[in-house]
Amino acid sequence: MQYEAIVHRSSEEFIYPVSRSSLKIRLLAKRQDLVSCEICYWNRYTNLLKTQPLRVVYRDAYHDDFRTRLDFDGVARFMRYYFKLTDTNGQVCFFNEYGFTGEPQKNGFFEHHYTNENEVIRTPDWAKGIIYYQIFPDRFARGIDQKSRHPYVDWNSRPALDNYFGGDLPGIIQKLDYLANLGIECIYLNPIFHADCNHKYATIDYFSVDPDFGTNDDLIRLVKKAHDLGIRVILDGVFNHCGNNFPPFVDFRMNGKASPYADWFLPTDFNAEGTLSRYEGFGDLSLMPKLRTGTPAVREMILKVMTYWVETAGIDGWRMDVADEVETQSWQVICAAFKHLYPDKLLLAETWTDANRLISYGDRFDCAMNYAFRDALSDFFAKRRIDSFGFDHRINHLLSKYNEEVTPLMYNLIDSHDTPRFLTESGEDKRRLKLAVVFQMTCLGSPAIYYGDEIGMEGNDDPDCRGGMKWDPKDQDHDLLSFYKTLISLRKREKALKSGRYVSILCEPNGIYGFQRKHENETVYVIINNSDKEIAVELPVNIPFHPFRDLINHELFESIPLSEDDKIWNNDIAVQNGKIRMKLPAMGFRILK
């Protein structure tokens, strides 16, 4: 038994409440080292011992992630526990706070003391598995011809750091029927408040819509019409920094230490007369001074902005820009206060790395932008830097990072306003983009479409990825658009694809990758051929002598029993008893039920 690989602590990463009477438990062990993991637990005042097995939920390159749920008659409290572990050689040991022993010990137990009301993880049910559509407002649609302080370039111009296309909120309103027809369930808008620059991340006034985009009433109308169409709307909250024309910063720049806003910012040097000369900014850019979010008045301002737009426009939540550069303590205060007022509103954090510091534990964000998901898909489908095994390990590692209440809400993007477009990264090979979309729409989490991907828009890194949306039908890839609609419709129709358990079941070095999504009694199988040649495949399934239907083209397949020689990937996690033989074309896929 590999003791050094076994990890559990009585901390929120490994034991947490999903209700006052239910706890989720997690333990990590070396990949395929343990054949069983059992929790032994009791109330310290009754000493009635109970046991329950944990099962492997995810398996990456190094670890098995064991999980279970414990339900109690009343409040989960005063619980002591240890683990009974059995490895592949039949060795049994007992694991507690002090380590590993051959027999159960009389002390050194893990403990869960008490489940308080505000420690229970609660996330908006509506956001689990929802389909997002990200809009960069200046580049999506122009509804009003002349309204701006800026001259507009031609809509088909090449995007630059300092040019304006004239997209606005009325233009988005006019295109909401398009989004509803596509199947979108939630719009994420890049910043829309009064700000410098075409991207609007240099905020001047958090309480007014930028004149380039329209008025506050336009936002109210946009949200109302979107809601009428069954589409929710979240806004981009830029609270890590502001613009250098933000009035409190102007006052600080002019009056220095004498300014009433002196503690709102992070100065690094003053002139001899006490006025500001240097200060911290986002990415060290003087255009966007960093806010001192630990200052109570700044936190109050942020919360005021967040609540104002919920009350004024009825928005459904916030995506927080560079959330990982703001103090965790500040987010705990702000998010807790906001969620107390609006428990069903979504809080989405931007981070490009591990998001555990920002989410998971009930007093911070509901979920985060999953850039690591995007990187895995880029490396496997677009660039082919990794094989099926590497892809499987990375996906399972990602799924294992977060608890089961957060993972369905993770914002699974394949590109954004800050990355090259996926089609461009794929060398303009549409088949690679299609395979990535198949995986995105059938994987656990919430798929996010960046405007224009669905009609074949291309673009390298920022600002090239921020081109004007192509509305002329002759400029659109209608095959790709139809493909997106089909996959979106399928995801919304099949409960297993939206909320089912994810287990990989087929992994081969030739580019073949397969997994299943299981929800209650329904199981959907997805198999992908990420190679340039046709491959004969045997897909493991749960039932022999049974018909399976392709959910895309409705072709029927009959399963046969497994033979004694068949070795099934992860068969100890999701037992399969049959298989389907098929030929999968180059860059092809099947989705079977």
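All values below were derived from every heavy atom in this structure, side-chain atoms included, with hydrogens, water molecules and symmetry-related copies excluded. Being a predicted model, the structure only gives us computed values, none of them experimental. The first residue in the sequence is number 1, and the count goes up from there.
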CA sep, side-chain torsions, deciding dist, call: Asp316, Arg232, salt bridge (charged side-chain N to carboxylate O under 4.0 Å, His left out): CA-CA 6 Å; Asp316 298 287; Arg232 297 179 186 261; 3.5 Å; yes
May I ask you to check whether [X] and [Y] show a side-chain donor-acceptor distance below 3.5 Å?
X: Ser10; Y: Tyr81; result: no
X: Arg364; Y: Thr328; result: no
X: Ser504; Y: Asn570; result: yes
X: Tyr188; Y: Asp236; result: yes
X: Ser482; Y: Asp479; result: no

Check Asn571, Ile568, Ile580 against Pro540 for a side-chain contact (heavy atoms from CB on, under 4.5 Å) and give me the one that passes. Ile568
Pick from Lys200, Arg466, Met469: which one makes a side-chain contact (heavy atoms from CB on, under 4.5 Å) with Phe136? Arg466
Test the Arg31-Tyr62 pair against the cation-pi criterion, namely NZ or CZ under 6.0 angstrom from the six-membered ring centroid and within 45° of the ring axis. no
Side-chain donor or acceptor of [X] paired with backbone N/O of [Y] under 3.5 Å:
X: Arg374; Y: Ile414; result: yes
X: Trp352; Y: Val322; result: no
X: Asn529; Y: Pro585; result: yes
X: Thr351; Y: Met369; result: no
X: His8; Y: Arg26; result: yes

State, yes or no, whether a side-chain contact exists between [X] and [Y] at a heavy-atom distance under 4.5 Å.
X: Asp453; Y: Val437; result: no
X: Leu413; Y: Tyr450; result: no
X: Ile573; Y: Arg501; result: yes
X: Asn190; Y: Pro137; result: yes
X: Ile560; Y: Glu558; result: no
X: Glu494; Y: Thr442; result: no
X: Cys443; Y: Tyr502; result: yes
X: Phe95; Y: Phe110; result: yes

Before giving the answer on side-chain contact (heavy atoms from CB on, under 4.5 Å), spell out for Tyr513 and Trp569 the whole-Å C-alpha distance, their side-chain angles and the decisive distance to 0.1 Å. CA-CA 10 Å; Tyr513 184 69; Trp569 183 261; 5.5 Å; no
Proximity of Phe439 and Phe391 rings by center, below 6.0 Å: yes
Decide yes or no on side-chain contact (heavy atoms from CB on, under 4.5 Å) for Glu119 and Glu12, but give the supporting numbers first. CA-CA 10 Å; Glu119 293 170 340; Glu12 55 195 6; over 6 Å; no
Where do Phe589 and Val526 land on the side-chain contact (heavy atoms from CB on, under 4.5 Å) test, with the steps shown first? CA-CA 7 Å; Phe589 69 95; Val526 182; 5.8 Å; no
Check step by step if side-chain contact (heavy atoms from CB on, under 4.5 Å) holds for Ile512 and Ile527. CA-CA 7 Å; Ile512 295 295; Ile527 182 168; 4.2 Å; yes
Enter the distance from Phe381:CZ to Ile386:CD1 here, rounded to the nearest 0.5 Å. 9.0 Å
